[in-house]
Amino acid sequence: QVQLVESGGGSVQAGGSLRLSCAASGITFTDGCKGWFRQTGGKQREWVGWVSSGRTTNYADFVKGRFTISQVNAGNTLYLQMDNLKPEDTAMYYCAALPGASFCSSYYWPKFWGQGTQVTVST
């Protein structure tokens, strides 16, 4: 059974930082596309970024230069380092996976999801 479990969310002031973690089980997490999506109530879940099996990363424009995705193969853990957070970054953040893909498009939809971790940025 595939399970993705996020942690590290919380409440920070604008300009602060958080590091989210995603622990994967039941999946070869080094394969395919791994990344993060986020969703605010009443809005569409939107893509934040991917890391491919070749460790190539790509990001949505609204987080580029502020967020960094990294992967540690041992332990099947994915990270989202969020720096210089803005109030508009407030959302539920979801870890996601799409096994089998080699190229990770911004329009790809994940096959597996975590339950989410809340990030709240205040001013």
Side-chain angles (χ1 to χ4, degrees):
Q1 186 178 18
V2 174
Q3 189 172 21
L4 306 176
V5 181
E6 303 95 336
S7 62
S11 182
V12 296
Q13 290 191 324
S17 297
L18 282 174
R19 192 186 197 193
L20 307 184
S21 299
C22 173
S25 61
I27 186 174
T28 304
F29 210 38
T30 53
D31 292 338
C33 306
K34 293 80 60 177
W36 297 88
F37 286 66
R38 70 186 190 185
Q39 186 173 23
T40 303
K43 298 187 185 300
Q44 186 97 337
R45 192 170 296 185
E46 62 184 356
W47 172 74
V48 172
W50 286 121
V51 59
S52 73
S53 60
R55 295 194 171 273
T56 299
T57 55
N58 54 328
Y59 302 95
D61 286 342
F62 54 80
V63 303
K64 199 172 296 181
R66 300 187 299 119
F67 291 10
T68 305
I69 296 171
S70 60
Q71 185 179 19
V72 177
N73 290 339
N76 272 351
T77 303
L78 190 73
Y79 299 99
L80 179 65
Q81 178 67 44
M82 304 183 294
D83 297 320
N84 193 24
L85 283 160
K86 304 175 180 180
E88 52 263 43
D89 295 320
T90 295
M92 187 73 75
Y93 283 74
Y94 297 89
C95 181
L98 181 61
S102 57
F103 174 77
C104 300
S105 168
S106 61
Y107 296 102
Y108 283 3
W109 197 247
K111 191 175 184 68
F112 300 108
W113 298 93
Q115 294 299 304
T117 185
Q118 179 67 38
V119 171
T120 302
V121 184
S122 61
T123 192

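On a predicted model such as this, the values are computed, not experimentally measured, just so you know. Position 1 is the first residue of the sequence; numbering continues from there.
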Would you compute the distance between atom CD1 of Ile69 and atom CD of Gln81 and round it to the nearest 0.5 angstrom?
11.5 Å
Under 4.5 Å side-chain heavy-atom separation, chaining through any Ile, Leu, Val, Met, Phe, Trp or Tyr, what else clusters with Val5? Say none if it is isolated.
none
Heavy atoms only: give me the nearest Ser102-Ser52 pair and the separation to one decimal.
O-CB, 3.7 Å
Does Thr90 have any side chain to side chain contact (heavy atoms under 4.5 Å, CB included) partners at least two apart in sequence or in another chain, and if so, which?
Gln118, Thr120, Val121
Mind listing the closest non-hydrogen atom pair of Asn58 and Ser106 along with its distance?
ND2-N, 4.4 Å
Would you sort out whether Gln71 and Phe29 count as a side chain to side chain contact (heavy atoms under 4.5 Å, CB included), showing the intermediate values?
CA-CA 9 Å; Gln71 185 179 19; Phe29 210 38; 4.1 Å; yes
Which heavy atom in Gly9 sits nearest to a heavy atom in Leu20, and how many Å separate them?
N-CD2, 3.5 Å
Same cluster (ILVMFWY, side-chain, under 4.5 Å), Phe62 and Trp36:
yes
Inter- and intrachain pairs under side chain to side chain donor-acceptor pair (under 3.5 Å), touching residues 6-29, at least two apart:
Ser17-Asp83
Cluster link Val12 to Tyr93, ILVMFWY, side chain under 4.5 Å
yes
Does Arg38 have any salt bridge (charged side-chain N to carboxylate O under 4.0 Å, His left out) partners at least two apart in sequence or in another chain, and if so, which?
Glu46, Asp89
Take atom CD in Gln44; do more than 12 heavy atoms of anything else shown fall under 6.0 Å from it?
no
Can you name the salt bridge (charged side-chain N to carboxylate O under 4.0 Å, His left out) partners of Lys43, sequence neighbours left out?
none
If you compare all heavy atoms of Thr123 against all heavy atoms of Pro87, which two are closest, and at what distance to 0.1 Å?
CB-CG, 4.3 Å
Closest non-hydrogen contact found for Ala97 with Leu4 is N-CD1, 4.1 Å
Cluster companions of Trp50 among Ile, Leu, Val, Met, Phe, Trp, Tyr (side-chain spacing under 4.5 Å)
Phe37, Trp47, Met92, Tyr94, Leu98, Phe103, Tyr108, Trp109, Trp113
Exercise: identify the closest heavy-atom pair between Lys34 and Thr30:
NZ-O, 3.0 Å
Between the OG1 atom in Thr68 and the CE atom in Met82, the distance rounded to the nearest 0.5 Å is 11.0 Å
Given the options Thr77, Leu80, Thr117, Leu78, Cys95 meets side chain to side chain contact (heavy atoms under 4.5 Å, CB included) only with Leu78
